[in-house]
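Following: one structure in structure tokens, then a few remarks.
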Amino acid sequence: MKELMLGNKAIARGLYEAGVCFVSSYPGTPSTEITEEAVKYNEIYCEWAPNEKVAMESAFGASLAGRRSFCAQKHVGLNVAADPLFTMSYTGVNAGLVVVVADDAGMHSSQNEQDSRHYARAAKVPMLEPSDSAEALEFTKLAYEISEKFDTPVIIKMCTRVAHSQSIVETSERVVPIKSYEKNIAKYVMMPGNAKKRHPIVEARTKALIEYAETTPINRIEFNSDEIGIITASTCYQYVKEVFGDEASILKLGMTYPLPVELIKNFASKVKKLFVVEELDPIIENFIKSLGIEVSGSDILPRIDEFSQNLIADAFFKNKTSKGVSIEDQIPMRPPVMCAGCPHRGLFYTLKKRKCTVLGDIGCYTLGAVPPLSTIEMTLCMGASIGATHGFNKILGKESEGKTVAVIGDSTFVHSGMTALANVAYNQSNSTVIILDNSITGMTGHQQNPTTGYNIKGDPAGKINLEELVKAMGINRVRVVDPYNLKECEEAVKEELSVEEPSVIISRRPCALLKYVKHKAPLSVDAEKCIGCKSCMKIGCPAISMKNDKATVDVTQCVGCGVCAQLCPKKAFS
């Protein structure tokens, strides 16, 4: 049966057909939809884990028990899961274990551009790279065969364009291989004596995988011309095909670690000029150069941002018109902004009013850094706000303690903020942490987390009580505020910054976009009362604008939160 599928949906279908029984992931764009699609198959147990490290360790446990398992994350999520990944390379697997990492070249929704191919090489784990949805399904099933044949976890590297584009796939039936668990201390207990004996096995496996890479059909030559040869993979293969057509020969790599030495040498010998087209780092190009082969690529292509057909056409054919279609009309910029009724807005307004130094974290609340709020001054990685605030205050002492706060979302706090807060409590920095509890994982599309009380299917689940957890970690001052109540927020921030001990403020109100949230009627502005002072504009609500020097409310966006009304000196909102 043929079907049009997103790349991420095709991965999920591949999990189903490969007989995967266990999926554990943490949501991260552009990987999130894989797990959201996999949970639709009742035959697959799926869960959201607190973070990527836990997800990968859980998948390893399921593999150890004898069932094919899987975990997915975005590129920065693999940083979190790197610890188990590197050691899983030594232990190997029981049933097949596949890891998807979705890179985000172009940083559509990420804090850095990162080339995850480095992880495959560093951990000595095979990596496959599909170039469309059909290959996403095919490579997923193949990855489990490779995993069990070579006793190794396998990484499938996706990218935004493959994950979020659609193409035709052909589906088939589900087959479930089952293995039994056998106790094997020498294989699975990685204390030094055992690990030393496993390392030579990893090196031998890599040699065997290189031999496999030489003949696997997912590495293939498309010979069209002896003038130009291009080695490429993933979405770059699609761009090259569109730009060059039959004007160049292509070595299309589906397996990008380990690379096939003899296949590359053979291809290079048949063309007069050899190029590599790859996004971000010149990993394939540098490998080819190490073989003593002359090759170009990074000298004409950028090492930043994602590629496109036009970019490649311009790089290779500077005197020719770039292929593709452009839009003549100028499209106005639409900068990201917190939604109307966002519970974070009132709290950020309070922090700006009090001229606080705000160290932020990863989530939709990172938008507190943009005008007109312009409140957040630092965002590094998941959970870093609390650790950074601790170090900031330890160094600056009285100079910063009375005005510096950390802000972190409920999901991010559970992901990697708890250990940082434990550090604050243990080492007693005079730090105030604000947990922005909007009762969901908001940035990636409303996934449940351990604080919501529901699992991935929406069924009741274990729920962390943030107040009790924070107290148990050694924080004595804990209070909850409603971010729609500006007076309450200001009193809490003022009081907690005035004390000389660690404290936590929980700013609690559900995300305004959640289906179960009941909104009040939209507000309106009495034009006779409005004096055009623009006080209401200071919160940056997209439902409010100025027309004819008067504030006006877009009733299609307004949720009646009332934050703007609290700012109006003339009580013009009703």
Side-chain angles (χ1 to χ4, degrees), residues 26 28 50-54 75-83 110-112 114 344 347-348 350-352 354-370 373-437 443 451 466-467 469-479 489 492-507:
Y26 183 81
N51 64 33
E52 296 85 358
K53 180 177 185 290
V54 173
H75 61 290
V76 287
L78 191 55
N79 297 337
V80 180
D83 196 1
S110 305
Q111 65 267 40
N112 70 14
Q114 183 176 303
H344 307 323
L347 194 282
F348 280 131
T350 300
L351 295 175
K352 182 174 184 178
R354 296 201 60 81
K355 299 181 180 179
C356 291
T357 299
V358 183
L359 305 189
D361 228 290
I362 305 298
C364 45
Y365 50 89
T366 309
L367 291 169
V370 302
L373 293 168
S374 304
T375 307
I376 290 180
E377 301 179 32
M378 185 284 299
T379 299
L380 182 65
C381 64
M382 298 282 279
S385 61
I386 302 176
T389 299
H390 170 77
F392 195 81
N393 284 337
K394 280 290 186 182
I395 289 297
L396 296 180
K398 298 291 185 181
E399 182 182 341
S400 68
E401 290 172 346
K403 66 175 185 177
T404 303
V405 301
V407 294
I408 187 169
D410 51 323
S411 180
T412 309
F413 178 72
V414 174
H415 178 285
S416 51
M418 292 188 291
T419 48
L421 186 63
N423 189 43
V424 168
Y426 176 58
N427 287 301
Q428 287 292 293
S429 66
N430 182 16
S431 298
T432 297
V433 175
I434 302 177
I435 300 175
L436 304 169
D437 183 7
M443 183 172 63
T451 73
L466 287 175
E467 295 95 306
L469 172 63
V470 168
K471 290 177 182 177
M473 295 175 74
I475 305 295
N476 298 319
R477 296 186 62 90
V478 184
R479 63 195 296 173
C489 287
V493 171
K494 180 180 178 181
E495 290 176 15
E496 297 312 315
L497 284 174
S498 68
V499 299
E500 295 187 359
E501 63 175 298
S503 63
V504 168
I505 300 170
I506 300 173
S507 173

Between atom [atom1] of [X] and atom [atom2] of [Y], what is the distance when rounded to the nearest 0.5 Å?
| X | Y | atom1 | atom2 | value |
| --- | --- | --- | --- | --- |
| His344 | Asp437 | NE2 | CG | 9.5 Å |
| Ile435 | Ser385 | CD1 | OG | 9.5 Å |
| Ile434 | Ile505 | CD1 | CD1 | 4.5 Å |
| Ser503 | Leu497 | OG | CG | 7.0 Å |

Check whether more than 12 heavy atoms from other residues, nucleotides or ligands sit under 6.0 Å from atom NZ of Lys403, and answer yes or no.
no

Other residues, nucleotides, ligands: >12 heavy atoms within 6.0 Å of Glu501 CD
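Atom CD in Glu501 is packed in, count exceeds 12.
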
Is [X] reaching over with its side chain to a backbone N or O of [Y], donor-acceptor style, under 3.5 angstrom?
| X | Y | answer |
| --- | --- | --- |
| Asp361 | Ile408 | no |
| Thr366 | Cys364 | no |
| Glu496 | Val493 | no |
| Thr412 | Gly383 | no |
| Thr404 | Ser400 | yes |

Looking only at non-hydrogen atoms, find the nearest pair between Asn51 and His415 and report the distance.
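Shortest heavy-atom separation between Asn51 and His415 comes out as ND2-O, 2.9 Å.
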
Of all heavy-atom pairs between Met418 and Met473, which one has the smallest distance, and what is that distance?
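For Met418 versus Met473, the nearest heavy atoms are O-CE, 2.6 Å.
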
Side chain to side chain, [X] and [Y], heavy atoms closer than 4.5 Å:
| X | Y | answer |
| --- | --- | --- |
| Thr379 | Gln111 | no |
| Tyr365 | Leu347 | no |
| Val405 | Leu359 | no |
| Phe413 | Ile506 | no |
| His75 | Ser110 | yes |
| Asn476 | Lys471 | no |
| Pro502 | Val433 | no |
| Ile376 | Phe348 | yes |

Assess the residue pair Asn427 and His390 against the criterion (side-chain contact (heavy atoms from CB on, under 4.5 Å)); give the C-alpha distance rounded to whole Å, side-chain angles, the decisive distance to 0.1 Å, and a yes or no.
CA-CA 9 Å; Asn427 287 301; His390 170 77; 3.8 Å; yes

Indicate whether any N or O donor in one side chain lies under 3.5 Å from an N or O acceptor in the other, for Asn79 and Glu52.
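Asn79 vs Glu52: no donor-acceptor pair found between side chains.
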
Using the rule given for salt bridge (Lys or Arg N to Asp or Glu O under 4.0 Å), can you reason through Glu495 versus Arg479, listing the C-alpha separation, both sets of side-chain angles and the distance that settles it, and then say yes or no?
CA-CA 11 Å; Glu495 290 176 15; Arg479 63 195 296 173; 2.7 Å; yes

Give me the one residue out of Thr389, Asn393, Asn423 that meets side chain to side chain donor-acceptor pair (under 3.5 Å) with Ser431.
Asn393

Could you check Leu466 against Thr451 for side-chain contact (heavy atoms from CB on, under 4.5 Å), going step by step and ending with a plain yes or no?
CA-CA 7 Å; Leu466 287 175; Thr451 73; 4.0 Å; yes

Stepwise side-chain contact (heavy atoms from CB on, under 4.5 Å) test for Met382 and Val80:
CA-CA 9 Å; Met382 298 282 279; Val80 180; 5.7 Å; no

Is it true that Glu401 and Lys394 have a side-chain N and a carboxylate O under 4.0 angstrom from each other?
no

Kindly indicate, with the supporting measurements, whether the criterion side-chain contact (heavy atoms from CB on, under 4.5 Å) is fulfilled by Gln428 and Glu500.
CA-CA 10 Å; Gln428 287 292 293; Glu500 295 187 359; over 6 Å; no

